Every structure is written in C-alpha cells, then in structure tokens.
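Below: one structure, written as structure tokens.
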Amino acid sequence: MSRKTRTVRTLFAAALLACAAASTTAVSAAPAVKPAAVTAHVSSHRAEAALTDSASAMVKHDAAMTAPAAMQRHLPTEPGYSKNAEVEAKISPLSPVTPTSPITPAIDLPSIIPSQPAPGSSSTADPYAVRTDFGKSNLHKWSSVYGMDTPWDANDVTDTEHFKSSTVAFLDTLNTLAQSAGVSFVLTGGAEYGYHAHGTYSHENGYKVDISDSGIYAGTTAYRILLEALTPFKHHLSHEWNNNHYDITIYPADYTGSYSGADHDNSGDDE
C-alpha cells in the first residue's frame, strides 16, 4: 500500500471518529424522557376530572333537594340518579322553598281556653248574685187600679220596686227561663205596704211576691218553669186557691230557718 493511500484512510477514519463523537455528545446533551412524569400528569388529569364529576353530582343533588317538585323533572338524569330523584321528590314539600303567597293563620277555630267574664262584670252562676233589676220581657204586672200590664213604674198599688235582692234575683231567673220556654207570668202582689200581714219575711219587707195561677198548674210548661226557677233559692211556695195566685217567699242566702219548697209547712209564715 502506498503512502498516499494510507493517508486517505487515516483521514477518513478520523472523520468517522469525529462524527461518532459529535453524535455521542448530542445524544448525551438531549434531556432524558421521564415516563413517570407523564404518568403523574395523566393521574392528575383523572383526579381533576373525578373532582369535577363529584362537584357536579353534589350540585345536582342539592338542586334536587331544594327545587320544587315541578322543576325536578327538568333536571338531567344519569344512571343511579333517577331513583334518588324519586325519593327526594317525596321530601321536597318539606324543603325550605319560599311560599308564593302569604301564610294566613286559621280563624274561627274553637278555643281550648275557657272564656272569662269581662272585667267588672258579675257572674250569675250564684243564683243570689246581686242584680240592679230583673228582666221583664216575659213578666207582666197587674194591679187592682190599673189592671193588666200596669206600668212598672206605677208602684202605689202593686209595688215591684222595693223587693229584696233575693226576690229580684228569683224574678230575673224566672224571666230568663220563661223567655227560653216561651211562657209568661203575671205578678199580682209585691212589696206594697198595708195589704198583707206583717212579719220579718213579709210582702212589705220585700221577701214575697204573688204570681197569678191562671194557666199554671201541674203538668204545664209554665208550672215546670216556675218550680225550676225556685229550685236554686231557699223558698216557700203555697197555692192560695181562693186568691187565684201562688204566694212565694224567697229567703235570703244566709237564712237558716225552716224551708222545704212546696211541701213546706207555712203555718208560721206571713201571708
């Protein structure tokens, strides 16, 4: 081999070595590929997607819990969601949805609180409760001077102005019951002076009242009402046939003497 040939080969080999060295340097300088980083990026993307799906599911769940029933049918459905929506639709009427109209409390309901009397008013549960006067809607007044329906303010003959409070209470009770039953009574004697016998529980002292017996006898409504009105009071009732009236004595509440209603012995009473 000639010297010239050897020189060419040496140069060619040197060139090859230089190229190889340059290639090696380029490869070593290039950044290394890291598969782990790619895997981490993919996992992060999947986690973000899962969080997004979870948040979306929570929003849909909250919407189902608070939306009116009419709106729930428009919510998107996904597998496993429709059954929950059916259950939540039953709960929706209890959800805090603002009413479309004001809520008005019920009225005219029966009260469970017992009614109380107005301040200053007196209860009539006590039959002897003091009245300033008695009702006259179903009571009439007769006198020998003015006849039937004598004016209530004409008291010179049949005096109905000076009764004791116990007698006033009885007459008020009688009028109330008579009004309810649709019957009436006629007063023929009152607290007038000089027409009756004297005594403690007498006419002139306001403890007695005479009531006409016309149409009032056992078995009639009027007689039943008369006895019913007398029941709460300490009283004596006697029928004076010859005078056509019932003679009634109303004793005061603190009376401790003898009395027994219609069967009371009136031998010691004033007429």
Side-chain angles (χ1 to χ4, degrees), residues 122 124 126-217 220-223 225-255 257 259 261-262 264 266-271:
S122 60
T124 57
D126 176 10
Y128 280 95
V130 176
R131 282 85 157 169
T132 57
D133 199 359
F134 56 90
K136 300 177 175 67
S137 61
N138 288 64
L139 300 181
H140 303 275
K141 181 177 179 179
W142 176 91
S143 69
S144 58
V145 175
Y146 303 103
M148 183 62 71
D149 289 322
T150 296
W152 291 101
D153 59 356
N155 296 296
D156 53 334
V157 180
T158 302
D159 185 356
T160 56
E161 183 180 5
H162 298 94
F163 285 128
K164 290 296 186 182
S165 61
S166 55
T167 309
V168 171
F170 160 67
L171 291 174
D172 191 52
T173 301
L174 179 63
N175 182 74
T176 299
L177 294 176
Q179 187 175 23
S180 299
V183 297
S184 61
F185 297 88
V186 178
L187 279 60
T188 61
E192 53 274 4
Y193 180 83
Y195 295 90
H196 309 279
H198 305 292
T200 302
Y201 302 106
S202 61
H203 277 275
E204 62 185 33
N205 285 338
Y207 289 103
K208 281 180 172 288
V209 58
D210 294 337
I211 294 180
S212 171
D213 63 0
S214 178
I216 304 175
Y217 49 87
T220 63
T221 300
Y223 188 74
I225 293 298
L226 177 61
L227 296 183
E228 186 175 343
L230 285 168
T231 299
F233 300 92
K234 299 176 181 179
H235 69 277
H236 166 68
L237 170 66
S238 64
H239 191 180
E240 297 185 3
W241 297 89
N242 56 326
N243 293 319
N244 301 314
H245 66 247
Y246 290 97
D247 183 86
I248 300 171
T249 306
I250 304 297
Y251 299 104
D254 59 355
Y255 177 72
Y259 70 93
H264 175 58
N266 64 342
S267 58
D269 289 346
D270 301 316
E271 294 185 359

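Along the sequence shown, residues carry numbers from 1. Values in this document were obtained by computation on a predicted structure and should not be read as measured data.
- Judged by distance alone, the side chain of Asn138 and the main-chain N or O of Asn175 form no donor-acceptor pair under 3.5 Å.
- Separation of atoms CD (Gln179) and CD1 (Ile225) is listed at 12.0 Å; rounding is to 0.5 Å.
- Using a 30° and 60° split on the angle between ring planes, Tyr255 and Tyr259 fall in the tilted class, from 30° to 60°.
- When all heavy atoms of Glu228 and Pro232 are compared, the pair lying nearest together is O-CD, 3.5 Å.
- Annotation: the span from His203 atom NE2 to Phe163 atom CZ amounts to 8.5 Å, rounded to 0.5 Å.
- Listed for the Asp213 side chain is no donor-acceptor partner under 3.5 Å among the backbone atoms of Trp241.
- Here the side chain of His245 pairs no donor or acceptor atom with the backbone of Asp210 at under 3.5 angstrom.
- Side chain of Asn205 to main chain of Thr200: a donor-acceptor pair is present (N/O by atom type, distance under 3.5 Å, no hydrogens or angles).
- When atom types are taken as modelled, the side chain of Thr158 and the backbone of Trp142 share a donor-acceptor pair closer than 3.5 angstrom.
- Side-chain atoms of Lys234 do not come within 3.5 Å of backbone N or O of Gly257 as any donor-acceptor pair.
- The backbone N or O of Gly135 lies less than 3.5 Å from a partner atom in the side chain of Asp172, making a donor-acceptor pair.
- A 4.5 Å side-chain heavy-atom check between Val183 and Ile216 finds every atom pair outside the cut-off.
- No donor-acceptor pair under 3.5 Å is formed between the side chain of Glu161 and the backbone N or O of Asp159.
- At least one donor-acceptor pair under 3.5 Å links the side chain of Thr167 to the backbone N or O of Gly206.
- Using a 4.5 Å heavy-atom threshold, the side chains of Ile250 and Lys164 count as separate.
- The shortest side-chain heavy-atom distance between Val157 and Lys141 does not fall under the 4.5 Å cut-off.
- Taken from CZ in Phe134 to CG in Leu174, the straight-line distance is 10.0 Å, to the nearest 0.5 Å.
- Counting heavy atoms from C-beta outward, Leu187 and Lys136 have side chains that stay 4.5 Å or more apart.
- Leu139 places a side-chain heavy atom less than 4.5 Å from the side chain of Trp152.
- Shortest non-hydrogen contact noted between Lys208 and Asp247 is NZ-OD2, 2.7 Å.
- Evaluation of the ring-ring contact (aromatic ring centres under 6.0 Å, His included) rule for Tyr207 yields Tyr201 as partners, not counting sequence neighbours.
- For the atom pair OG1 of Thr188 and NE2 of His140, the computed distance is 13.5 Å after rounding to the nearest 0.5 Å.
- Side-chain contact check for Asn244 and Ser214: no donor-acceptor pair (N or O, by modelled atom type) lies under 3.5 Å.
- Under a 3.5 Å cut-off, the side chain of His239 and the backbone N or O of Tyr246 do not form any donor-acceptor pair.
- The shortest heavy-atom contact between Ala129 and Ala169 is O-CB, 4.1 Å.
- The side chain to side chain donor-acceptor pair (under 3.5 Å) search around Thr150 returns Ser143, not counting sequence neighbours.
- Distance check, rounded to the nearest 0.5 Å: OH of Tyr128 to OH of Tyr251 gives 10.5 Å.
- For the atom pair OG1 (Thr221) and CG (Leu226), the distance works out to 12.5 Å, reported to the nearest 0.5 Å.
- Annotation: side chain of Ser212 is not in contact with side chain of Phe185 (no heavy-atom distance under 4.5 Å).
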